[in-house]
2 protein chains.
Amino acid sequence: MTQTDTLTIREMCDTYAVTPRTLRFYEAKELLSPIRQGAKRLFTKQDRARLQLILRGKRFGFSLEDIRQLLDMYNRDGSNEAQLSRTYQLGLDRLAQMKAQRDELTIAITELETELREGQATLAAFRAAAE
Amino acid sequence: MTQTDTLTIREMCDTYAVTPRTLRFYEAKELLSPIRQGAKRLFTKQDRARLQLILRGKRFGFSLEDIRQLLDMYNRDGSNEAQLSRTYQLGLDRLAQMKAQRDELTIAITELETELREGQATLAAFRAAAE
DNA sequence: ACGTTACATTACGTTAACGTAAAGCACTCT
DNA sequence: AGAGTGCTTTACGTTAACGTAATGTAACGT
């Protein structure tokens, strides 16, 4: 009963498979802003949502600084138009970067595949020679 | 004519778009082993071939340490099937990683595009309200 | 002789994303 | 009382792949 609706640092760590150090680090980087009860941190559902976005961003290979900027966008607090517009532009830029990155990856994949076919042929020749 | 068949460090840098520091660094890491003329380095065509492999490896996302091992295996005989097979397997693993990474990127791109459409709508509403 | 390349070596600096002590406070259990 | 648990802060350590001085020397043009 009496759901606290907040998690301690340990509960957060267990839930999301991160270390306390990581959560404190993210707070220092202003990616999270848990409330305080005395000296202890209490993570709200807002923090949990943000952490999930952070972790997803990391899986995509974004830096924490990239993620910090993206979080601003996911936060549709949209105070004024100028801010919103700037944020939108940031997203567009990021999108272009991501597509470029994907294209490069595709090229590298193709190259590596070619390379591997050669390797496979060489290997097959070896095995044939060994009878 | 008297082709020297070797390149100075600067010629190497110009040819492959790397800095002198990089070439010296690679030598320290035993990725390259240019011959010496006094104190100066002279890069043979062997070095050039290796550098090309290094740069390609980097495009594939291999670390220099990975690359060093791959180069060693490649040079050690080249006639050892076990080593060749291992190299091939490393390539396969890396290829799988790269494809997975690309798939995740594609997902992220789609998500971001959705998010951006939302942002654009919000922005349009703002502007309509401002008349 | 003098200044300018062109190279060299040595070695400290940089960035990201935490890891890892070190030391202390506040409970709780025995 | 003493031990253990869980949290805190401060702060130095780590890895990769070079960047960036600082300093030195040999060769070359004028």
Side-chain angles (χ1 to χ4, degrees), chain A residues 4 6-44 47-48 50-71 94 97 101 104 108, chain B residues 2 4 6-44 47-48 50-72 90 94 97-98 101:
Chain A
T4 320
T6 61
L7 297 184
T8 68
I9 198 168
R10 181 106 306 273
E11 288 166 343
M12 282 289 278
C13 293
D14 293 345
T15 304
Y16 298 102
V18 296
T19 69
R21 180 67 178 93
T22 297
L23 294 179
R24 297 192 187 109
F25 182 74
Y26 289 170
E27 183 181 356
K29 287 275 176 172
E30 297 182 47
L31 292 169
L32 297 178
S33 46
I35 58 181
R36 294 304 182 103
Q37 176 188 296
K40 297 183 180 179
R41 292 169 174 80
L42 290 180
F43 295 84
T44 68
D47 292 313
R48 300 199 288 278
R50 288 174 72 91
L51 179 55
Q52 282 180 3
L53 289 174
I54 293 168
L55 296 178
R56 183 175 60 173
K58 289 204 61 187
R59 284 201 307 280
F60 296 158
F62 292 108
S63 72
L64 290 184
E65 178 53 26
D66 289 340
I67 292 170
R68 199 183 61 71
Q69 294 180 22
L70 282 175
L71 278 178
R94 175 70 43 194
Q97 260 185 262
Q101 190 183 339
E104 281 181 26
Chain B
T2 68
T4 319
T6 60
L7 298 183
T8 69
I9 199 168
R10 179 108 309 272
E11 289 165 342
M12 282 289 279
C13 293
D14 294 344
T15 305
Y16 299 103
V18 295
T19 68
R21 180 67 177 92
T22 297
L23 293 179
R24 296 191 189 110
F25 182 74
Y26 289 170
E27 183 181 357
K29 287 275 176 174
E30 297 182 48
L31 292 169
L32 297 178
S33 45
I35 58 181
R36 295 304 184 103
Q37 175 187 299
K40 297 184 179 178
R41 293 169 174 80
L42 290 180
F43 295 84
T44 69
D47 292 314
R48 300 199 287 278
R50 288 175 71 92
L51 180 57
Q52 281 180 2
L53 289 174
I54 292 168
L55 295 178
R56 183 162 40 166
K58 290 203 64 184
R59 284 201 307 281
F60 294 161
F62 286 107
S63 71
L64 290 184
E65 178 54 25
D66 288 342
I67 293 171
R68 197 184 59 72
Q69 292 179 26
L70 289 175
L71 283 177
D72 284 354
L90 275 180
R94 186 78 200 126
Q97 282 179 34
M98 289 166 68
Q101 192 182 339

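Not measured: the values here are computed from a predicted model.
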Quick check: do [X] and [Y] have side-chain heavy atoms less than 4.5 Å from each other?
X     : Y     : result
B:L90 : B:D66 : no
B:D72 : B:E30 : no
B:L23 : B:F43 : yes

Is any side-chain N or O of [X] closer than 4.0 Å to OP1 or OP2 of [N]?
X     : N      : result
A:T8  : D:dC7  : yes
A:Y26 : C:dC18 : yes
B:K58 : D:dA16 : no
B:R41 : C:dC7  : no

Can you measure [X] atom [atom1] to [N] atom [atom2] for me and round it to whole angstrom units?
X     : N      : atom1 : atom2 : answer
B:D66 : D:dA17 : CG    : P     : 9 Å
B:I54 : D:dA17 : CD1   : P     : 12 Å
B:I67 : D:dA17 : CD1   : P     : 8 Å
B:R24 : D:dT20 : CZ    : C1'   : 12 Å
B:R68 : D:dT15 : CZ    : P     : 16 Å
B:L32 : D:dC18 : CG    : P     : 11 Å
B:M12 : C:dA6  : CE    : C1'   : 17 Å
B:I9  : C:dA6  : CD1   : P     : 13 Å

task: Ignoring hydrogens and angles, answer whether the base of D:dT20 and the side-chain atoms of B:R21 contain a donor-acceptor pair closer than 3.5 Å.
output: yes
message: Quick check: any donor-acceptor pair below 3.5 Å linking the side-chain of A:R10 to the base of D:dG6?
response: no
- request: State which of C:dA17, D:dG19, C:dT9 makes the closest approach to the side chain of A:S63.
  value: C:dA17
Contact nearer the 5' end of DNA chain D, comparing A:K40 with B:T19: A:K40
- prompt: Is A:R68 salt-bridged to A:E65, cutoff N-O under 4.0 Å?
  reply: yes
- line: On a heavy-atom basis, the closest approach of B:L42 and B:D47 is O-OD2, 4.0 Å
